[in-house]
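Once you've had a glance at the structure underneath, I'll fire off some questions.
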Amino acid sequence: MGKPDHQTEPAQPARGDGRIVVPFVELDVTSAPAFGGWARERADAVDGDLRLDFRHVRFISAAAITTLLELHAQLVIEGRRLEITGADAFVAKVLGVCHLADLWSADRPLSAS
């Protein structure tokens, strides 16, 4: 899908809730490694669950899904969970087809993952 596009909006967590706006527009094979490093840095910087706000993400590929699964697994080991909010229709559909939308929903308790 070409060079990844990044938003210029600061990706800082809202005070106390760990919600972070993802600055990537396309999460594809070329951007997945950078996204993975970016997400892990943010996970290390917040206490508790990691809430990624996907409001700017318009495309997600299998490579990015793999990256998210790896991040999810690490967070579970740490007793935390990954939550994804603000996904547009396409991204939500991809997550649903992969049976991951419920797993990463903000409404699902950690014990059910």
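Computed from a predicted structure; not experimentally measured.
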Less than 3.5 Å apart, any donor N or O on the side chain of Ser105 or Asp102 sitting next to an acceptor on the other? no
Minimum-distance pair of heavy atoms, taken over all atoms of Ile65 and Trp104: O-CH2, 4.5 Å
List for me each residue that meets side chain to side chain contact (heavy atoms under 4.5 Å, CB included) alongside Ala32, sequence neighbours excluded, and say none if there are none. Ala63, Thr67
Minimum heavy-atom separation for Val46 to Arg80, with atom names? O-NH1, 2.9 Å
Leu82 and side chain to side chain contact (heavy atoms under 4.5 Å, CB included): which single residue from Leu100, Leu69, Leu75, Asp49 fits? Leu75
Under the side chain to side chain contact (heavy atoms under 4.5 Å, CB included) test against Phe54, which residue among Thr85, Leu27, Val21 passes? Leu27
If every non-hydrogen atom of Thr30 is compared with every non-hydrogen atom of Pro33, which pair is closest and at what distance? O-CD, 3.9 Å
One should read off an interatomic distance between Glu78 CD and Leu50 CG, to the nearest 0.5 angstrom, of 10.0 Å
How close do Leu71 and Ala39 get, counting heavy atoms only, and between which atoms? CD2-CB, 3.7 Å
Before giving the answer on side chain to side chain contact (heavy atoms under 4.5 Å, CB included), spell out for Leu52 and Phe35 the whole-Å C-alpha distance, their side-chain angles and the decisive distance to 0.1 Å. CA-CA 12 Å; Leu52 296 180; Phe35 169 69; 4.1 Å; yes
Scan for salt bridge (charged side-chain N to carboxylate O under 4.0 Å, His left out) pairs involving residues 57-70, sequence neighbours excluded, and state none if there are none. Arg58-Asp88
Which atom pairs, donor and acceptor, lie under 3.5 Å between side-chain atoms of residues 90-97 and protein residues at least two apart or in another chain?
none

Ignoring hydrogens, what is the shortest heavy-atom contact between Ser31 and Glu26? Give both atom names and the distance. OG-O, 2.8 Å
